[in-house]
Amino acid sequence: MQDLQDKVAVITGAGSGFGRAFAQLCAAEGMRLVLADIDEAGLAHTCALLPDGTETLTLRCDVADADAVQTLAERTYARFGACHLLFNNAGVAVAGPSWTTTLDDWRWVLGVNLMGVVHGVQSFVPRMLEQGDECHVVNTASVAGLLSVPGSSVYCVSKHGVVTLSECLHHELRAAHAKIGVSVLCPAFVPTGIADAERNRPARFAAKNPRAAPYEARVRKAVQSGKLSAADIARATMQAVKADRFYILTHPTIKAAIETRMRDILDERTPANPMP
Ligand SMILES: NC(=O)c1ccc[n+]([C@@H]2O[C@H](COP(=O)([O-])OP(=O)(O)OC[C@H]3O[C@@H](n4cnc5c(N)ncnc54)[C@H](O)[C@@H]3O)[C@@H](O)[C@H]2O)c1
């Protein structure tokens with residue numbers, strides 16, 4: 001998809017980080033925007049950063065709630081009659097050893113990171129198929145979807161799920177001769193609000209991994225020292241959308257660890273720790 005002028009972008013997690021950067025870039029491309037998040041103050045902040053005259057619909061939407069995402073799609077088509085570029089981007093993170101993870105950790109993170117993307121695909125792709133014009137779906141995974149990082153099993157499982165869901169979706173849409181491209185975004189650490197994802201944990205999933213603290217501290221340090229910005233990630237993503245490129249690996253130095261994992265699997269070697 002080359003010309004984005006007046007096309008419609010739907011962005012989940014638009015109240016912070018990558019989602020906000022996607023919104024700014026899409027607005028600069030002259031797109032009309034649907035911005036969704038559970039954080040309404042964050043959405044208002046994003047809107048305040050957009051150029052005057054940007055046509056925007058904002059909606060409080062919990063992506064873990066299938067009905068809420070259906071409503072997001074209904075409201076998008078009621079207002080704009082189309083969705084050309086869908087960013088299934090909202091996400092959260094937890095940390096800690098696998099054997100002390102809690103069911104609340106799993107339910108919360110898989111609900112947002114994996115089921116949020118599932119809901120986006122279910123609610124928007126059938127409408128995009130009916131629409132019939134060129135569309136693109138960007139699913140935000142992570143390098144955690146291509147690696148197995150100690151202390152991040154819940155997050156890694158959710159992001160590996162997003163990678164394979166995206167690959168399956170790509171194959172299915174190709175087989176159906178649909179004009180819908182798919183990309184999966186796999187960045188390494190970038191300074192955003194992700195290290196403070198606990199701010200988004202619902203009260204009903206309050207039980208957190210009791211041994212999270214040292215792992216959280218490590219993730220926070222890595223996130224804060226990330227060299228690329230959310231704007232850099234958004235630019236790389238938009239280039240991939242325009243080139244109809246599936247994998248978006250924004251941090252080339254991490255490719256060695258991905259290659260090692262692939263080799264470990266093919267050679268049936270003991271897996272190397274990607275973050276020793
Ligand atoms: N920052 C990184 O280092 C990094 C690296 C790889 C992947 N990612 C992924 O990028 C995506 C965006 O995260 P970010 O880094 O911009 O973090 P962020 O915390 O700055 O933004 C995430 C946004 O998602 C929203 N959100 C959380 N739960 C939600 C829910 N249930 N429904 C709707 N919105 C919800 C938050 O309110 C927030 O506005 C996530 O999927 C994350 O896993 C981040």
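As the structure lists them, so they are numbered: ligands from 1, and atoms in each ligand from 1. Below, each value reflects all heavy atoms present in this structure, side chains not excepted, and no hydrogens, waters or symmetry copies. Since this is a predicted model, take the numbers as computed values, not measurements.
Side chain to side chain, Q131 and D133 meet the donor-acceptor criterion of an N or O pair below 3.5 Å.
Here the closest heavy-atom approach between residue R20 and residue G42 is recorded as NH2-O, 3.1 Å.
Between R261 and D264 no salt bridge is recorded (no basic side-chain N to carboxylate O distance below 4.0 Å).
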Per-pair distances, 0.1 Å, donor-acceptor, side chain in residues 52-60, under 3.5 Å, sequence neighbours excluded:
unit_1, atom_1, unit_2, atom_2, d
T54, OG1, P51, O, 2.6
T56, OG1, T54, O, 3.2

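Each of G13, G15, S16, G17, F18, D37, I38, D39, C61, D62, V63, N89, A90, G91, V92, V112, T140, A141, S142, Y155, K159, P187, A188, F189, V190, T192, G193, I194, R199, N200 has a non-hydrogen atom positioned under 4.0 Å from some atom of ligand 1.
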Legend entry - Trace of the side-chain contact (heavy atoms from CB on, under 4.5 Å) decision for L4 with M238: CA-CA 10 Å; L4 299 175; M238 205 57 106; 3.7 Å; yes
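For the pair R201 and D104, the minimum side-chain heavy-atom distance is below 4.5 Å.
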